[in-house]
Amino acid sequence: MSNFLYITDQDEYSDHSFIGPLFQKYLTKHFDINTTFFSNTKENIEFEENGRIIIPKKFQNNILEELQKAGINLEKFEFVVIRNNTDLLKEVLDKKQNYNFKVGFRLSFPKRIAKLQTDEANNKKTLFDVISNKIKTFTEISLINKCDIFLPTSFQMKDDYFKDVKTRSFVIPSAIDPDNLHENIQHESSEKRFFYAGTLDKLREFEIILEAFSNINSSNYKLMISTKDPEYLEKLLEDFENLSNNIEVYNATNRDELLELIAKADVGIATLPDIALFNSSTPMKVLDYYSSAIPCIMSNNENNTSIFEDNISAWFTNFDEDSIRKKLEQIINLSKDEVAKVGQNGQNRLLSVRNYERIAADLAHQLNIL
């Protein structure tokens, strides 16, 4: 099999819910793969049995030379793919002529653009930030156009932010692992348990969701929230004292803990404001919910409607208090079996169109015809 090097921007201890199943599991059926991660503590490059290479952070600006010093023969790789980091991409492209590998760039999420929009929401964006972003985007597009393949999370993401990329593109969306599904634990109590997992900040406007819950005509529910932004949540909840008996706050420290919590819920919440940043791809939390056959309330946008069907495999809502409230009330009035059926339909749908095993096979085909 051909040799494949995946240079990530990830820490060695991060929860790699995307990289693990796709690149370290299913794609290994098609290529011999090495995957690099960075370490803030190690002094020397370390090799692990599963093809992982742990690289000290101090080597991140000269990664190819350091890999060679550690005994890696770069000439053996047919493909080198870089994740998100355009500085690493530039280094690889500059040295590509010395080897025979083809270069790909993986864009999982436009983090810089997300920060710019978050700063705008917090009234911190400056003219300098706007100009700097335009210059960096132009540079990124120029680099990507020198690649052999571009791997965005969705075509909409490419069209919204990188429409001038001319390189062959193959979409790698977030998906579920068909070998790693989790049992939906049916609780015995009568209330509907809603679950929100993820970041809380001004850009996501979580207070709109809290307002919807505070105005529903039922108290027969629980809202479970797991976030790494507990101080932000605590500040929000000061304005919603009437929800205090219906909210449970968690801080899952890793993905396994998060999935255990999700499995005890009835319905996942993944509705977000109607902006390009959130509409361009499926949030990872949606895949986490459906891995446990937990159905999801999600934004009514083109990306979601292309996968799911309203009231059959998911529930769609516009992002305003009245729309969300009506959808919550509709779900609370459903039987547990009706809710569970929507979750199972959604999981089956994702297994058909969004599973990592199939994506790996399609990606391998695309790479082999470059």
Side-chain angles (χ1 to χ4, degrees), residues 1-10 18-19 22-23 26-27 30-36 60-61 63-64 67 74-116 132-175 276-277 279-282 302-303 306 353-354 356 358-370:
M1 289 192 290
S2 300
N3 289 278
F4 183 114
L5 177 63
Y6 189 35
I7 301 176
T8 82
D9 57 344
Q10 296 290 288
F18 180 97
I19 297 172
L22 180 58
F23 287 95
Y26 292 112
L27 205 59
H30 307 276
F31 304 107
D32 285 326
I33 295 183
N34 288 106
T35 308
T36 71
Q60 67 177 342
N61 295 323
I63 192 169
L64 292 185
L67 286 173
L74 296 177
E75 293 181 355
K76 75 175 183 177
F77 292 108
E78 187 169 344
F79 306 101
V80 176
V81 174
I82 298 87
R83 183 182 192 269
N84 291 333
N85 191 319
T86 50
D87 291 331
L88 291 177
L89 176 62
K90 185 178 187 303
E91 178 193 349
V92 171
L93 287 170
D94 287 344
K95 297 180 179 179
K96 177 185 176 183
Q97 61 185 358
N98 300 328
Y99 309 100
N100 295 316
F101 52 67
K102 295 179 175 65
V103 176
F105 183 67
R106 161 66 178 160
L107 178 66
S108 65
F109 187 71
K111 295 179 181 179
R112 188 185 68 258
I113 296 170
K115 183 181 184 306
L116 189 68
S132 175
N133 178 65
K134 288 184 177 180
I135 294 172
K136 289 179 180 178
T137 299
F138 177 81
T139 301
E140 288 172 347
I141 290 172
S142 298
L143 290 171
I144 295 170
N145 279 332
K146 295 178 183 179
C147 294
D148 298 283
I149 193 168
F150 177 43
L151 305 170
T153 296
S154 70
F155 278 121
Q156 187 172 343
M157 179 184 291
K158 176 179 179 292
D159 292 341
D160 286 341
Y161 303 114
F162 296 91
K163 63 179 182 296
D164 293 326
V165 167
K166 306 303 181 186
T167 297
R168 175 199 288 267
S169 298
F170 176 77
V171 168
I172 306 182
S174 50
L277 181 68
N279 290 337
S280 62
S281 61
T282 305
E302 184 177 350
N303 178 74
S306 70
V353 301
R354 284 285 192 91
Y356 286 123
R358 174 173 293 185
I359 292 171
D362 291 342
L363 174 58
H365 174 73
Q366 290 294 319
L367 292 173
N368 286 326
I369 62 176
L370 288 178

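What you are looking at is a predicted structure, and each value in this text was computed from that prediction instead of being measured. Count residues from 1 along the sequence.
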Counterpart residues, side chain to side chain donor-acceptor pair (under 3.5 Å), relative to Ser281 (two or more places apart): none
All pairs passing ring pair (Phe, Tyr, Trp, His ring centres under 6.0 Å) where residues 151-172 contributes a residue, at least two apart: none
Step-by-step side-chain contact (heavy atoms from CB on, under 4.5 Å) determination, Leu67 to Leu5: CA-CA 11 Å; Leu67 286 173; Leu5 177 63; 4.1 Å; yes
Residues which pass salt bridge (charged side-chain N to carboxylate O under 4.0 Å, His left out) with Asp9, listed by chain and number, not counting sequence neighbours: Arg83, Lys111
Test ring pair (Phe, Tyr, Trp, His ring centres under 6.0 Å) applied to Tyr356 - qualifying residues, sequence neighbours left out: Phe18
Heavy-atom closest pair, residues Thr86 and Phe105: CG2-CZ, 3.8 Å
Set of side chain to side chain contact (heavy atoms under 4.5 Å, CB included) partners for Arg168, sequence neighbours left out: Ile149, Gln366, Ile369, Leu370
Rounded distance (nearest 0.5 Å) linking atom CG of Asp87 with atom CD1 of Ile82: 11.5 Å
Arg106 CZ to Leu22 CG distance, which is reported to the nearest 0.5 Å: 8.0 Å
Greater than 12 external heavy atoms within 6.0 Å of Lys76's NZ: yes
Phe79/Asp148 under side-chain contact (heavy atoms from CB on, under 4.5 Å): CA gap, chis, key distance, verdict: CA-CA 9 Å; Phe79 306 101; Asp148 298 283; over 6 Å; no
Value rounded to 0.5 Å, distance of OG in Ser306 from CD in Gln156: 9.0 Å
From CD (Gln10) to CG (Asn84), nearest 0.5 Å: 7.5 Å
Phe23 and Phe4 aromatic ring geometry - parallel, tilted or perpendicular at 30°/60° bounds: tilted
With Asp94 via salt bridge (charged side-chain N to carboxylate O under 4.0 Å, His left out) - residues at least two apart: Lys90
Any residue meeting side chain to side chain contact (heavy atoms under 4.5 Å, CB included) with Glu91, in chain and number order, not counting sequence neighbours: Asn62, Ile63, Leu64, Leu88, Lys95
Full working for side-chain contact (heavy atoms from CB on, under 4.5 Å) between Glu140 and Leu107: CA-CA 11 Å; Glu140 288 172 347; Leu107 178 66; over 6 Å; no
Contacts of Asn279 that satisfy side chain to side chain donor-acceptor pair (under 3.5 Å) - sequence neighbours left out: Asp274, Asn301
By side chain to side chain contact (heavy atoms under 4.5 Å, CB included) - contacts of Ala361 (at least two apart): His30
Pairing residues for Ser142 by the side chain to side chain donor-acceptor pair (under 3.5 Å) criterion, not counting sequence neighbours: none
Derivation and outcome, side-chain contact (heavy atoms from CB on, under 4.5 Å), residues Val92 and Phe101: CA-CA 10 Å; Val92 171; Phe101 52 67; 3.8 Å; yes
Value rounded to 0.5 Å, distance of CG in Leu27 from CG in Leu367: 7.0 Å
Residues that Asn145 engages under side chain to side chain contact (heavy atoms under 4.5 Å, CB included), provided they are two or more places apart: Ile141, Val165, Lys166, Thr167
For Lys146, side chain to side chain donor-acceptor pair (under 3.5 Å) partners two or more places apart: none
